[in-house]
Amino acid sequence: MRDSVPVRDTMAESLQSPLARGEMPGIEHVFWWSRDAIFQSGAQTLAELLEVIPGVTSFRSGGLSSPAVIAYLGDITRLRVFYDGIEMAPLDPRTGGVFDLVEIPLWTAEEVRVERAAGELRIHMRSWRTQATTPVSRVDVYTGDENSNLYRGFFGRRFRNGAAMQVGAQQYSTSSRGSGGGGDELTLLARAGWARGPWSADAFVARGRRARESQARTANPNDGIPALDGRRTDAYVRAGYGDPDRGTWAQLIAGSMAFQETTPNSGAPPPIDSTAPIPSPDTLRSRAQYVATAGTIIAGFRVSAANRVQVFNRHTFMGQSARIGFDRPRVAFSAFGERAPQDSTTRADITGRINLTRAIWVGGSAAQRWDDADRTNAADLFAYRAEAGVRIRRLAISGGILGRDSTLLVPATVFNTDAAAATDGAAVGSFVALNGGLWRDINVQAHGVMWDTEGPYRPRYQSRVQLYLATRWLSRFPSGNFGFLASGIHDYRSSTCFLEAAGACESTAGTGIISTLVEVRILNAVLSWKFVNTQLAVYERVPGFRMARGSQLYGVRWEFTN
């Protein structure tokens, strides 16, 4: 979506050298969000933000506090998240090693960019930073249906000696009609640092406590998603030189991730299998990560490498990765290779784009993954994407194919603890996408995907169409102190299969949902109203868990300088 919020005027402020930021690789800039665009999208979780990508299918069992996962090419393990250069790990044992994306604090991000390789999505996130000596504050207040309330607060300031201080917090609570699934979460962040010229050092921590009520299946109240009370802490210290977006740069990072579950004891004995849900309280999982990374950009060429050391389960794993890219208006390509011994995997992919004319382009990506522990053909996996596009004035129209080899699919145990892994055959799909302006301030962001067959976590037909009016009405408000956004979204997917025990499959019914989003900006305050499922349809995204029949969230975001 186009960002209609103007950049705040900082000419009268004293701007200090910026703190270090993580690398954001990738030659495709279609799926990139600035801080303002993240909030303007209406997404409260990373899963909602990624729904605009062809080949992505998001799943949620209920409202804001309910578990949320995404599948790419029908595989829920094809997502990796890098936060300020640290590779995030799913630590909640209930998810079976798959990301519950509610864990990722989207509200703390300054930028999000998707590196759309053929075989996986690599999400690169940069945390919020401040550069001005004038203190900056921000308050977000929302309320809505199902007793939903959400509050955010930010404060940041730089000092003339180069020091930096930032704090922030988000708290939400919600209940749910029908099958349950309410909960609340409080997340705190803090950063202290210093920067002078190209040199910087900072320490960052984000700590969240999440309490989720049990959620029963509509057909069987005795079965469902158990309650959860857990705390996640992500922290790092970093020293950096230069900027990954220009010139030569290097960073050293020491990070830590920890998840502690304090859900009341269910009375059952602790499981023997460490990957099974943990019923006993005060259970701690932690992981340390040490990253040394560097790169340079010369005449359009981008080269970088990283050595990543991970320590967990009393073992130390060391992996290396490298990438090379070239990005110019006519030709762009990127190659990436990685050896990740913690999961015995070697990955390699290449992505390219050629602009045949100013209006016509072709591109694609190919990826190969090997299991170093099993060199049989079945352990190898190949994936690809090929597409072409044309730009007509401000509207970009593209289409192509994407696919992958047969693979062993990991089940979504966060929704069903009895689900078992199963082999899915090769999958090939075709897609079409539209992005850009239609007429004056009316825009579209849409895509549709059709697979050759229906498969687990992969509906055969899926589409998302968003029409929106985004204007600053400069003829009436030449100062740029007004903005208006009105958006309508139609999200359709056909029946979707979920793995069960012994390779069986349970499916949801196909459905189309209409949602709206309206935002009005006056100076630095934004009034927002989001309405999901305006037609009050009865539908499920996960079998057995009925979504809300209409859900509204409305409030204000207000940023000001002291």
Is R113 salt-bridged to E111, going by a charged N under 4.0 Å from an acidic O? no

Answer yes or no: is there a donor N or O on one side and an acceptor on the other, between the side chain of S495 and the main chain of G510, under 3.5 Å? no

Has the side chain of R369 got a donor or acceptor atom that lies under 3.5 Å from a matching backbone atom of A348? no

Side chain to side chain contact (heavy atoms under 4.5 Å, CB included) assessment of V98 paired with V414: CA-CA 8 Å; V98 176; V414 68; over 6 Å; no

Parallel, tilted or perpendicular: which one describes the rings of F204 and Y83, with boundaries at 30° and 60°? tilted

CA sep, side-chain torsions, deciding dist, call: Q166, R129, side chain to side chain contact (heavy atoms under 4.5 Å, CB included): CA-CA 8 Å; Q166 296 176 226; R129 303 170 304 154; 4.1 Å; yes

pair Y492-V465: side-chain heavy atoms closer than 4.5 Å: no

Side chain to side chain contact (heavy atoms under 4.5 Å, CB included) assessment of R210 paired with R232: CA-CA 8 Å; R210 179 183 177 194; R232 175 162 182 143; over 6 Å; no

So do W249 and T293 actually touch side chain to side chain, heavy atoms under 4.5 Å? yes

Basic-acidic side-chain contact under 4.0 Å: R347, E338: yes

Within the side chain of E185, is there an N or O that forms a donor-acceptor pair under 3.5 Å with the backbone of E103? no

Got a donor-acceptor contact below 3.5 angstrom from the E506 side chain to the E500 backbone? no

Using a strict cut-off of less than 4.0 Å between a Lys/Arg side-chain nitrogen and an Asp/Glu carboxylate oxygen, indicate whether D491 and R464 qualify as a salt bridge. no

Between atom CG of L101 and atom CG of L106, what is the distance when rounded to the nearest 0.5 Å? 10.0 Å

